[in-house]
Amino acid sequence: MRLLLTALGLVVGIAAHADEDNDVLYQVSTIDALLSGIYDSVATVGRVTEHGDFGLGTFAALDGELILLDGIVYRAAVDGTVNVMRPSTGTPFMAVTRFEPDQVLDVPTALDYAAFQQWLEDQLPSRNIFYAVQVDGGFASVAYRSV
């Protein structure tokens, strides 16, 4: 996803304390399985969302990008459409967590995507653990890719 981050008042929430019971990353399958061509469903998105309300993944046969936000599963398709998906929809890969920010940061204004990435990395205490990052703001446009 490539974004031009120019919104005033952009806020980033970061969640990542592995020592707390509620900060768990729940993952179905592995990225290596996808890279090996295993695209068949191994779970339903309804079953996986029992473990979190925020995350990413894909659908059976790599039919779009899976976005889980506030407990709602969206499919971003190659044609640019974004649709809400049913809980019975299959997934070969999905990673979710319960998003409760441990930190809320004000992002400097007028950053392009590369500058935002660097700024965000500078805020993280370690590069050796997983983080859930949610960016809230106003955007003129959002570009994404889909398989």
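Scope of the values below: all heavy atoms of this structure, side chains included, with no hydrogens, waters or symmetry mates.
- The hydrophobic clustering, which links ILVMFWY residues whose side-chain heavy atoms are closer than 4.5 Å, places Val73 and Ile67 apart.
- Residues in residues 30-59 take part in these salt bridge (Lys or Arg N to Asp or Glu O under 4.0 Å) pairs, two or more places apart or across chains: Arg47-Glu50.
- Taking CD of Gln27 as the start and OG1 of Thr97 as the end, the distance is 12.0 Å to the nearest 0.5 Å.
- Linking Ile, Leu, Val, Met, Phe, Trp and Tyr whenever their side-chain heavy atoms come within less than 4.5 Å puts Ile31 and Leu62 in one cluster.
- Of the possible donor and acceptor atoms, one in the side chain of Ser146 sits under 3.5 Å from a partner among the backbone N and O of Ala76.
- Ser36 OG to Tyr39 OH: the interatomic distance, rounded to the nearest 0.5 Å, is 8.5 Å.
- The CE atom of Met94 lies 7.5 Å from the CZ atom of Phe59; values are rounded to the nearest 0.5 Å.
- Between Pro92 and Ile38 the shortest heavy-atom distance is CB-O, 4.0 Å.
- No side-chain heavy atom of Tyr74 sits under 4.5 Å from any side-chain heavy atom of Leu66.
- Not one N or O on the side chain of Thr89 forms a donor-acceptor pair closer than 3.5 Å with the backbone of Met85.
- Annotation: the span from Leu68 atom CG to Ile72 atom CD1 amounts to 9.0 Å, rounded to 0.5 Å.
- In plain terms, the two heavy atoms of Ala43 and Val48 that are nearest each other are CB-CG2, 3.9 Å.
- Leu105 is connected to Phe116 through a chain of hydrophobic side-chain contacts under 4.5 Å among Ile, Leu, Val, Met, Phe, Trp and Tyr, so both are in one cluster.
- Contact between Tyr144 and Thr81 at its shortest, heavy atoms only, is OH-O, 3.4 Å.
- Looking at Thr49, its side chain never comes within 3.5 Å of a backbone N or O of Gly52 through a donor-acceptor pair.
- Residues Glu65 and Arg75 are not paired through a salt bridge, judged by the lack of any N-O separation under 4.0 Å between the basic side chain and the carboxylate.
- Cluster annotation: Val133 is connected to Leu111 through the hydrophobic network of ILVMFWY side chains, with a link wherever side-chain heavy atoms come within less than 4.5 Å.
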Between Leu56 and Val96, is a side-chain contact (heavy atoms from CB on, under 4.5 Å) present by the stated rule, with each step listed? CA-CA 7 Å; Leu56 297 170; Val96 304; over 6 Å; no
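- Atom-to-atom distance recorded for Asn128:CG and Ser126:OG is 4.0 Å, nearest 0.5 angstrom.
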Asp23 and Asp102: side-chain contact (heavy atoms from CB on, under 4.5 Å), yes or no, with the steps? CA-CA 10 Å; Asp23 290 330; Asp102 297 309; 3.9 Å; yes
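- Checked by atom type and distance alone, the side chain of Thr58 pairs as donor or acceptor with a backbone atom of Gly64 at under 3.5 Å.
- At a threshold of 4.5 Å between side-chain heavy atoms, the hydrophobic network of Ile, Leu, Val, Met, Phe, Trp and Tyr places Val45 and Val24 in two separate groups.
- Of the inter-residue distances, the one linking Leu120 atom CG with Tyr113 atom OH reads 9.0 Å to the nearest 0.5 angstrom.
- Within the 3.5 Å criterion, the main-chain N or O of Phe93 finds a donor-acceptor partner in the side chain of Thr91.
- Side-chain atoms of Gln123 come within 3.5 Å of backbone N or O of Trp119 as a donor-acceptor pair.
- Ring planes of Phe99 and Phe54: tilted class, angle from 30 to 60°.
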